[in-house]
Amino acid sequence: DLGCGEGYYLRRLAADWPHATVPRLAGLDISRAAVRLAARAQPTAHWAVASSYRIPVADAAMDGLLRLFAPADDAECRRVLRPGGWLLTATPGPQHLLGLKQALYANPQLHDEATATPVGFQLEAQRRVTGRLRLETPQAIADLLGMTPFYWNVDQATQARVLALPCLETPLDFVLHLYRHQA
């Protein structure tokens, strides 16, 4: 899991995918604090504080990669995946978190929907997922804001204003792509 954060998705894989060998699950993130949380919650998986632009894994060592809203280098993904391995990505759709963006910015921009198939991969499946999220506590709003890049891109006064909202509704809009590594 590239950009694994606190390891939520790998914990779900370990719980929901019984044929997976848990010690072979691995996650990396540039946040030392997030990786510590992940390691405490799923101690049988492998964890690394590292960049997805320099993945600390041998060539062709991985069967699959998750890249969910995380930046990564396509060449590094190709390098660490075995031939025929899969890459699952999640990218924002145009409306993703628009309600949060409207609360933060005077002129929020829609996400660009265009995504190119990474070189060396073949698109196997694509699915758009949409929904609505209603956050009814300041803590829930703070949790959402804290897991987005917006947290780092707005000043503290803007954050405080958004965290003072009684509730926040925002669309969820993202696209899942499943790619196969072409040998």
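What you see is a predicted model; the values in this text were computed from it and never measured.
- Contact annotation: the side chain of Ser52 approaches that of Leu28 to within less than 4.5 Å [non-hydrogen atoms, C-beta and beyond].
- Side-chain atoms of Asp74 and Val119, non-hydrogen and from C-beta on, never get closer than 4.5 Å to each other.
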Check: Checking side chain to side chain contact (heavy atoms under 4.5 Å, CB included) for the pair Val175/Thr115: CA distance, chi angles, key distance, verdict?
Finding: CA-CA 10 Å; Val175 183; Thr115 56; 5.9 Å; no
Before you tell me yes or no, could you show the steps for Asp143 and Ile141 under side chain to side chain contact (heavy atoms under 4.5 Å, CB included), namely the whole-Å CA-CA distance, both residues' side-chain angles and the distance that decides it to 0.1 Å?
CA-CA 5 Å; Asp143 290 345; Ile141 296 169; over 6 Å; no
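- No chain of hydrophobic side-chain contacts below 4.5 Å, direct or via other Ile, Leu, Val, Met, Phe, Trp or Tyr residues, connects Met147 to Val35.
- Side-chain atoms of Leu98 and Asp173, non-hydrogen and from C-beta on, never get closer than 4.5 Å to each other.
- Listed here is the closest heavy atom pair of Trp47 and Gly7: CH2-CA, 3.8 Å.
- Glu169 and Arg132 are joined by a salt bridge, as a carboxylate oxygen and a charged side-chain nitrogen come within less than 4.0 angstrom of each other.
- Hydrophobic clustering of Ile, Leu, Val, Met, Phe, Trp and Tyr side chains at less than 4.5 Å, counting indirect connections, unites Val57 with Leu81.
- Between Leu145 and Leu104, some side-chain heavy-atom pair lies under the 4.5 Å cut-off.
- Between Ile30 and Ser51, the shortest heavy-atom distance links the atoms CG2-CA, 3.8 Å.
- To the nearest 0.5 Å, atom CD of residue Gln109 and atom NZ of residue Lys101 are 7.5 Å apart.
- The shortest side-chain heavy-atom distance between Leu144 and Leu97 falls under the 4.5 Å cut-off.
- Linking Ile, Leu, Val, Met, Phe, Trp and Tyr residues whenever their side-chain heavy atoms come within less than 4.5 Å leaves Val129 and Leu123 in two separate clusters.
- Note that the CZ atom of Arg78 and the CG atom of Leu65 stand 12.0 Å from one another [nearest 0.5 Å].
- Considering all non-hydrogen atoms of both residues, Glu136 and Arg134 come closest at OE2-NE, 2.6 Å.
- Rounding to the nearest 0.5 angstrom, the gap separating the CD atom in Gln126 from the CG atom in Leu176 is 9.0 Å.
- Both Val162 and Leu172 belong to a common hydrophobic cluster when Ile, Leu, Val, Met, Phe, Trp and Tyr are linked at side-chain heavy-atom distances under 4.5 angstrom.
- With values rounded to the nearest 0.5 angstrom, Thr44 atom OG1 is found 10.0 Å from Leu10 atom CG.
- Listed here is the closest heavy atom pair of Gly5 and Ala38: O-CB, 3.9 Å.
- Environment of OH in Tyr9: sparse, with no more than 12 heavy atoms of neighbouring residues, nucleotides or ligands closer than 6.0 Å.
- Residue Arg79 comes nearest to Ile55 through the heavy atom pair NH2-O, 2.7 Å, listed as atom of the first residue, atom of the second, then distance.
- Within 6.0 Å of the OH atom in Tyr53, the count of heavy atoms belonging to other residues, nucleotides or ligands exceeds 12.
- How far CG of Asp1 is from CZ of Arg12: 13.5 Å, rounded to the nearest 0.5 Å.
- Judged by distance alone, with hydrogens and angles left aside, the side-chain atoms of Arg180 form no donor-acceptor pair with the main-chain N or O of Gln122 at under 3.5 Å.
- A donor-acceptor contact closer than 3.5 angstrom is absent between the side chains of Gln159 and Asp155.
- Other residues, nucleotides and ligands contribute only 12 or fewer heavy atoms inside 6.0 Å of the CZ atom of Arg32.
- For the pair Gln95/His111, no side-chain contact is recorded, criterion being any heavy-atom separation below 4.5 Å from C-beta on.
- Ring orientation note: the planes of Phe69 and Phe174 are nearly perpendicular, at an angle over 60° on the 30°/60° scale.
- With values rounded to the nearest 0.5 angstrom, Leu2 atom CG is found 5.5 Å from Cys77 atom SG.
- The closest donor-acceptor contact from the side chain of His46 to the backbone of Ala26 lies at 3.5 Å or more, if one exists at all.
- Side chains of Leu87 and Arg67 form a contact here, defined as non-hydrogen atoms less than 4.5 Å apart.
- Using a 4.5 Å heavy-atom threshold, the side chains of Trp86 and Leu88 count as touching.
- The nearest pair of heavy atoms linking Thr170 to Leu100 is OG1-N, 3.3 Å.
- Linking Ile, Leu, Val, Met, Phe, Trp and Tyr whenever their side-chain heavy atoms come within less than 4.5 Å puts Leu163 and Leu168 in one cluster.
- Side-chain rings of His181 and Tyr179 stay apart, their centers remaining 6.0 Å or farther from each other.
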